[in-house]
Amino acid sequence: MSATRITSVLRHRLWRAVCAVSGGLTVTGRWRAPGGCVVVANHSSHADTAVLLAALPAGAQPVFAAAADYWFDVPVRRFVASSLIGVLPVRRSGTDTYAQLLAAARPALKAGRTVVIYPEGTRSTDGSVAEFRSGAVRLARDCGVPIVPVAVLGTAEVLPKGASFISHAPMQVRIGAPVDPHTASAAQLRAQVLALRGDDTTKPLEQLAYAA
C-alpha cells in the first residue's frame with residue numbers, strides 16, 4: 001500500500017472516530033465513482049470536511065480544494081490542512097481563480113483521487129444552499145472525470161459558522177450517482193444536492209454497510 005493510501009486510511013479512521021463521539025454519522029447511497037472524480041457538496045460548517053472524510057471510502061483518497069490564504073496563513077491551520085485533512089491550496093488572488101484550481105486539482109484527478117469542492121464558495125449561515133459556481137463542472141470536463149453530488153446534513157448543529165465549540169448532534173451524508181459533466185450544469189448539480197437533502201423523497205437511498 002502506498003503512503004498516500006495509508007494516509008487516506010488513517011484520516012478516514014480518525015474522522016469516523018471523531019464523528020462517532022460528536023453525535024454519530026449515517027451514510028446513505030452507494031459510492032460508484034470509478035477512479036478520479038469531483039465531489040460537489042453543500043457547505044454550512046467546517047465539520048463538513050471532517051464528515052466527508054469519514055463518509056467517503058478511504059480508497060477514494062479524497063482531497064479538498066480550499067483557499068490557500070485561509071488554510072495556510074496560520075501554522076495551526078496549516079498543520080490541520082496538510083496533515084489531518086488533505087487540502088489542495090487554491091490561490092484566490094489574481095484574475096483567474098479557475099486556472100489555479102485546475103493546476104492544483106488536475107494531478108490529483110490524474111492519480112485517481114477524489115477532489116471535493118464546495119461550489120457555494122462559502123459556508124451557509126441560515127441552512128439554505130446558495131447557487132453553485134461553475135468551477136467544479138469546468139474542472140470535471142477539462143479533466144475527463146465524473147461528478148458525484150453529495151448532501152451533508154446536521155453539521156451546522158455540530159459546528160455552526162463562527163462557533164468555537166463543538167456540540168453533539170446526529171449527522172448524515174447522502175451520496176448520489178456519478179454524473180457526466182458534459183451533460184450537467186451547476187444549477188442541475190445544485191438541484192441534485194437539494195434532492196439528496198430531502199426535497200425529493202420519492203427515491204429511497206441505499207444504506208451503506210456502516211453507520212459511525
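- More than 12 heavy atoms of other residues, nucleotides or ligands sit less than 6.0 Å from atom CZ of R78.
- Contact between P181 and V137 at its shortest, heavy atoms only, is O-CG1, 3.8 Å.
- Within a 6.0 Å sphere centred on NZ of K161, other residues, nucleotides and ligands contribute more than 12 heavy atoms.
- H12 contributes a side-chain N or O that, together with a main-chain N or O of L56, makes up a donor-acceptor pair within less than 3.5 Å.
- If you take CZ on R16 and CG on L53, they are separated by 12.5 Å, rounding to the nearest 0.5 Å.
- Without hydrogens or angle criteria, R174 side chain to V152 main chain gives no donor-acceptor distance under 3.5 Å.
- Grouping the Ile, Leu, Val, Met, Phe, Trp and Tyr side chains by contacts below 4.5 angstrom, directly or via other members, places W71 with F64.
- Inter-residue side-chain proximity for S185 and Q188 is flagged as met; some heavy-atom pair is nearer than 4.5 Å.
- Using cut-offs of 30° and 60° on the angle between ring planes, the pair H43 and Y118 is parallel.
- Atom-to-atom distance recorded for S2:OG and Q61:CD is 6.0 Å, nearest 0.5 angstrom.
- More than 12 heavy-atom neighbours from other residues, nucleotides or ligands sit within 6.0 angstrom of CZ on R32.
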Donor-acceptor contacts, no H, no angles, side chain residues 189-196, under 3.5 Å, sequence neighbours left out:
unit_1: R190; atom_1: NE; unit_2: V129; atom_2: O; d: 3.1
unit_1: R190; atom_1: NE; unit_2: A130; atom_2: O; d: 3.1
unit_1: R190; atom_1: NH2; unit_2: V129; atom_2: O; d: 2.7

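- Expressed to the nearest 0.5 Å, how far CG of L101 lies from CG of D96 amounts to 10.0 Å.
- Side-chain N or O atoms of H168 include one that pairs as donor or acceptor with a backbone N or O of V21 at under 3.5 Å.
- Annotation for I117 and A65: closest pair CG1-CB, 4.1 Å, computed over non-hydrogen atoms.
- Rounded to the nearest 0.5 Å, atoms CG (D48) and OG1 (T155) are 3.5 Å apart.
- Contact check for E120 versus R133: no side-chain heavy atoms found under the 4.5 Å cut-off.
- Shortest non-hydrogen contact noted between A105 and L139 is CB-CD2, 3.8 Å.
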Fill in: Residue pair V40, V150: steps toward the side-chain contact (heavy atoms from CB on, under 4.5 Å) verdict
CA-CA 6 Å; V40 293; V150 172; over 6 Å; no
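- When atom types are taken as modelled, the side chain of R11 and the backbone of S83 share a donor-acceptor pair closer than 3.5 angstrom.
- Contact check for I175 versus V148: side-chain heavy atoms found under the 4.5 Å cut-off.
- Taking 4.5 Å as the limit, some side-chain heavy atom of M171 sits within range of a side-chain heavy atom of C19.
- V80 is not connected to V74 by any chain of hydrophobic side-chain contacts under 4.5 Å among Ile, Leu, Val, Met, Phe, Trp and Tyr, and they are in different clusters.
- Looking at V173 and T28, their side chains never come closer than 4.5 Å, going by heavy atoms from C-beta outward.
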Practice prompt. Take I147 and V39 through the test side-chain contact (heavy atoms from CB on, under 4.5 Å) and record every step on the way to the result.
Written response: CA-CA 6 Å; I147 304 175; V39 162; over 6 Å; no
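- For the residue pair A58 and S8, the shortest heavy atom distance occurs at O-CB, 3.5 Å.
- Residues L102 and C143 are in side-chain contact: their nearest non-hydrogen atoms beyond the backbone lie under 4.5 Å apart.
- A cation-pi arrangement, defined by a distance under 6.0 Å to the six-membered ring centre and an angle within 45 degrees of its axis, is present between R77 and Y70.
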Item to complete: Test side-chain contact (heavy atoms from CB on, under 4.5 Å) on T114 and L109 and set out the steps.
Response: CA-CA 6 Å; T114 294; L109 291 169; over 6 Å; no
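- The main-chain N or O of L84 is found under 3.5 Å from a side-chain atom of W15 such that the two form a donor-acceptor pair.
- For the pair P146 and G36, the tightest heavy-atom approach, listed with the atom from each and the gap, is CD-O, 3.6 Å.
- At a threshold of 4.5 Å between non-hydrogen side-chain atoms, the residues P170 and T26 do not count as touching.
- Of the possible donor and acceptor atoms, none in the side chain of R197 sits under 3.5 Å from a partner among the backbone N and O of A151.
- Taking all atoms of both residues into account, the shortest heavy-atom contact from V87 to A66 is CG1-CB, 3.7 Å.
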Discussion item. As a quick check of understanding, evaluate side-chain contact (heavy atoms from CB on, under 4.5 Å) for S45 and L159, giving each step before the final call.
Written reply: CA-CA 6 Å; S45 169; L159 186 64; 3.5 Å; yes
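- I166 and L153 fall into different hydrophobic clusters, where Ile, Leu, Val, Met, Phe, Trp and Tyr are joined by side-chain heavy atoms under 4.5 Å apart, directly or via other members.
- Inter-residue side-chain proximity for Y98 and D142 is flagged as met; some heavy-atom pair is nearer than 4.5 Å.
- With hydrogens and angles left out, the side-chain atoms of N42 and S44 include no donor and acceptor closer than 3.5 Å.
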